[in-house]
Amino acid sequence: DIQMTQSPSSLSASVGDRVTITCRASQGIRNDLGWYQQRPGKAPERLIYAASSLQSGVPSRFSGGGSGTEFTLTISSLQPEDFATYYCLQHNSFPWTFGQGTKVEIK
Amino acid sequence: QITLKESGPTLVKPTQTLTLTCTLSGFSLSTSGVVVGWIRQPPGQALEWLALISWKDDKRYSPSLRSRLTITKDTSKEQVVLTMTDMDPVDTATYYCAHSLVEHQLVPFSRKYYDYYYSMDVWGQGTTVTVSS
């Protein structure tokens, strides 16, 4: 199985801060990676697909980058509604695997 | 508008079989390229991919749960059913179904084709299952 290692596992930030979350794959996965946001008690929502493509309807402050084994999710200016947990998902090979999540909290 | 809704028991006893249903709206599993998958999330933990099924009945399973999982589709009802046998308290989780797509693509520099599965774009609201005697 491909292991997805997310870092950090949690972070505290203020509104307006720039935040970057990293996901590392245990082997190359091309750009077969999605990023998801999950608010408490809600289902995950896809923010980014194909590592860097913005899902329709998602604010442009979210961006994704990377290819191969290292990927990033960046929030350029954190907004109150962005405090949530973020997950990466690799769909390059089965079984699909998620990162362990990054919880973004209010400082 | 694509929506999915999970349904099933909220409580099952250890060793019982869990049957969950995902009802589709706004799209059809009869349509070429459509995929529906299942994911679960134990309380306070990360997401775990379980299985998926495609429009042409191709199925993929998590190897760690393969012996206990079965995924099927009923295109007449636009439903996908996941069964999980021999339930244990560690299977307590919120179970989600989600929409995805599959595309037949050419392998670069070859004449071979393979099925490329896209990540899940639309998720259901989830259904919580507790395993307890």
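The chains referred to below are lettered A, B, ... by the order of the sequence lines, with proteins before strands, and numbering in each begins at 1. All values derive from a computational prediction rather than experimental measurement.
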Could you tell me whether the side chains of [X] and [Y] share a donor-acceptor contact shorter than 3.5 Å?
X        : Y        : result
Tyr36(A) : Glu45(A) : no
Glu81(A) : Gln79(A) : no
Tyr87(A) : Gln41(B) : yes

Asn92(A) versus chain B, heavy atoms under 4.5 Å apart: side chain, backbone, both or neither?
neither
For Ala98(B) and Ile39(B) the tightest heavy-atom approach is CB-CD1, 3.9 Å
Short question: side chain of Arg39(A), backbone of Phe83(A) - any donor-acceptor pair under 3.5 Å?
no
Answer yes or no: is there a donor N or O on one side and an acceptor on the other, between the side chain of Gln6(A) and the main chain of Ser9(A), under 3.5 Å?
no
Using the ring centroid of each side chain, check whether Trp49(B) and Phe94(A) are separated by less than 6.0 Å.
yes
Between Glu105(A) and Lys107(A), is the closest basic N to carboxylate O distance under 4.0 Å?
no
Heavy atoms under 4.5 Å from chain A: which residues of [range] carry them?
range                       : value
residues 116-133 of chain B : Tyr116(B), Tyr117(B), Tyr118(B), Ser119(B), Met120(B), Asp121(B), Trp123(B), Gly124(B), Gln125(B)
residues 70-93 of chain B   : none
residues 52-68 of chain B   : Leu52(B), Arg60(B), Ser62(B), Pro63(B)

Measuring only between side-chain heavy atoms, which start at C-beta, is Leu4(B) closer than 4.5 Å to Phe27(B)?
yes
Side-chain contact test, heavy atoms from C-beta onward, threshold under 4.5 Å: evaluate it for Cys22(B) versus Trp38(B) and give yes or no.
yes
How would you list, by chain and number, every residue that makes a side chain to side chain donor-acceptor pair (under 3.5 Å) with Thr19(B), sequence neighbours excluded?
none
